[in-house]
Enquirer: 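My structure is below; once you've seen it, I'll send some questions.
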2 protein chains.
Amino acid sequence: MTNTLDLVRGKWKPALLYYLAEESPRRFGTLLRLFGGLVTQHTLTQQLREMEHDGLVTRVVYAEVPPRVEYSLTDKGYSLRALMEQIYQWGEQHVG
Amino acid sequence: MTNTLDLVRGKWKPALLYYLAEESPRRFGTLLRLFGGLVTQHTLTQQLREMEHDGLVTRVVYAEVPPRVEYSLTDKGYSLRALMEQIYQWGEQHVG
DNA sequence: CTGCATCCTGAACGATACTG
DNA sequence: CAGTATCGTTCAGGATGCAG
């Protein structure tokens with residue numbers, strides 16, 4: 001279970017799950033702008049790579065100039081997003 | 001939702017939730033021994049106090065010599081424990 | 001027995017500058 | 001545009017010793 005929580009152990013991962021579930025694929029720059037300067041490129045890249053490693057997102061690089069990289073949610077990612085929704089619902093009842 | 005995850009943001013909190021759901025109340029020393037030296041007094045005290053502050057456990061001090069302190073799970077604690085079970089189930093299916 | 005005080009380490013995250 | 005490289009800060013958690 002801790003293993004599951006580890007998948008969202010990362011400051012921006014829950015939000016990334018949310019944004020990518022809302023619309024996939026999304027470009028790196030788009031995601032960066034969605035956070036409005038609250039997160040750095042460094043950190044965003046890091047968290048996306050970890051999520052890719054965990055099988056939550058897929059990363060597709062297009063050989064173009066300028067470069068384009070798109071991130072999409074996997075089935076596992078969508079499933080985890082649904083679980084997060086459960087958790088959110090619990091919070092609504094017990095925390096307010 | 002992050003607010004909910006914050007309640008178990010703490011290395012030993014999920015385990016404490018588990019042990020206290022299994023049997024309440026439990027003494028401090030008992031909990032400490034359950035972890036078999038993997039956690040220090042310092043950290044265990046800290047996490048229990050945070051859980052108390054979050055309304056997950058109640059702390060009862062008995063004015064005896066030697067001192068006795070017992071921790072119990074609250075209704076909210078049991079409820080969170082149930083949610084953790086949901087999370088665990090998800091992990092079984094998607095992580096193995 | 002329980003827990004507080006102090007010090008310390010490691011990992012997460014941010015700031016900034018540079019590159020294909 | 002989408003990174004990588006470095007460095008600095010913060011903070012959870014551990015080690016150890018002391019106290020009621």
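Chain identifiers are assigned alphabetically (A, B, ...) following the order of the sequence lines, protein sequences preceding nucleic acid strands; residue numbering begins at 1 within each chain.
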Enquirer: Return the CG to OH distance between Leu73(B) and Tyr78(B), rounded to the nearest 0.5 Å.
Expert: 5.5 Å
Enquirer: Which nucleotide in the list dG13(D), dA2(D), dG3(D) gets nearest to the side chain of Arg49(A)?
Expert: dG3(D)
Enquirer: Whole-Å distance between dA12(D) C1' and Gln46(B) CD?
Expert: 7 Å
Enquirer: How close or far is atom C1' of dA11(C) from atom CD of Glu50(A), stated in whole angstroms?
Expert: 11 Å
Enquirer: How long is the line joining CG of Leu44(B) and C1' of dC4(C), in whole Å?
Expert: 14 Å
Enquirer: dC1(D) P sits how many Å from Leu31(A) CG, rounded?
Expert: 14 Å
Enquirer: Considering every strand and a 4.0 Å limit on heavy-atom distances, what is the contact class for Arg33(B): base, sugar-phosphate, or nothing?
Expert: nothing
Enquirer: Rounded to whole angstrom units, what separation is found between the CG atom of Leu48(A) and the P atom of dC13(C)?
Expert: 13 Å
Enquirer: Less than 3.5 Å apart, which donor and acceptor atoms pair up between the side chains of residues 11-22 of chain A and the rest of the protein, not counting sequence neighbours?
Expert:
residue, atom, partner, partner atom, Å
Lys13(A), NZ, Glu50(A), OE1, 2.7
Glu22(A), OE1, Arg26(A), NH2, 2.9

Enquirer: Can you see if the side chain of Thr43(A) gets near the phosphate of dG14(C) - specifically, an N or O under 4.0 Å from OP1 or OP2?
Expert: yes
Enquirer: Has Arg27(B) got a side-chain N or O lying under 4.0 Å from the OP1 or OP2 atom of dT2(C)?
Expert: yes
Enquirer: Write down the distance between CD (Gln47(A)) and C1' (dG3(D)), rounded to a whole number of angstrom.
Expert: 16 Å
Enquirer: Starting at CG of Asp6(B) and ending at P of dC11(D), how long is that distance when rounded to a whole Å?
Expert: 14 Å
Enquirer: dA2(D) P sits how many Å from Leu34(A) CG, rounded?
Expert: 13 Å
Enquirer: Which heavy atom of Lys76(B) sits nearest a heavy atom of Trp90(A), and at what distance?
Expert: O-CZ2, 3.9 Å
Enquirer: For a quick check of understanding: with a heavy-atom distance under 4.0 Å over all strands, which category does Glu64(A) fall into, base, sugar-phosphate or nothing?
Expert: nothing
Enquirer: Would you tabulate the side-chain donor-acceptor contacts of residues 28-46 of chain B under 3.5 Å, counting partners in other chains and residues two or more places apart, or write 'none'?
Expert:
residue, atom, partner, partner atom, Å
Thr40(B), OG1, Thr43(B), N, 3.3
Thr40(B), OG1, Thr43(B), OG1, 3.1
Thr45(B), OG1, Gln41(B), O, 2.9

Enquirer: If you round to the nearest 0.5 Å, how far is CG of Leu56(A) from OG of Ser72(A)?
Expert: 13.0 Å
Enquirer: Within the structure provided, determine whether Glu70(B) and Arg59(B) are in side-chain contact (heavy-atom separation under 4.5 Å).
Expert: no
Enquirer: Regarding Tyr71(B), tell me which of base, sugar-phosphate or nothing describes its non-hydrogen contacts under 4.0 Å with the strands shown.
Expert: sugar-phosphate
Enquirer: Atom CG in Asp6(B), atom CZ in Arg9(B): separation rounded to 0.5 Å?
Expert: 4.0 Å
Enquirer: For DNA chain D, which residues of residues 11-21 of chain B approach it to below 4.0 angstrom with any heavy atom?
Expert: Lys11(B), Trp12(B)
Enquirer: Please write out each protein N/O paired with an N/O of nucleotides 15-20 of chain C under 3.5 Å, distance rounded to 0.1 Å.
Expert:
none

Enquirer: Going only through I, L, V, M, F, W and Y residues with side-chain contacts under 4.5 Å, is there a path from Val61(B) to Tyr71(B)?
Expert: yes
Enquirer: Where do Gly55(A) and Thr74(A) come nearest, in terms of heavy atoms and distance?
Expert: O-OG1, 2.7 Å
Enquirer: Between the two end axes of the helix from dC1(C)-dG20(D) to dG20(C)-dC1(D), each built from 5 base pairs, what angle do you get to the nearest 10°?
Expert: 40°
Enquirer: Would you indicate, yes or no, if dG3(C) has its OP1 or OP2 atom less than 4.0 angstrom from a side-chain nitrogen or oxygen of Arg59(B)?
Expert: yes
Enquirer: Would you list the atom pairs, donor with acceptor, under 3.5 Å between side chains in residues 80-89 of chain B and any protein atom, with sequence neighbours excluded?
Expert:
residue, atom, partner, partner atom, Å
Glu85(B), OE2, Gln89(B), NE2, 3.0
Tyr88(B), OH, Glu92(B), OE2, 3.2

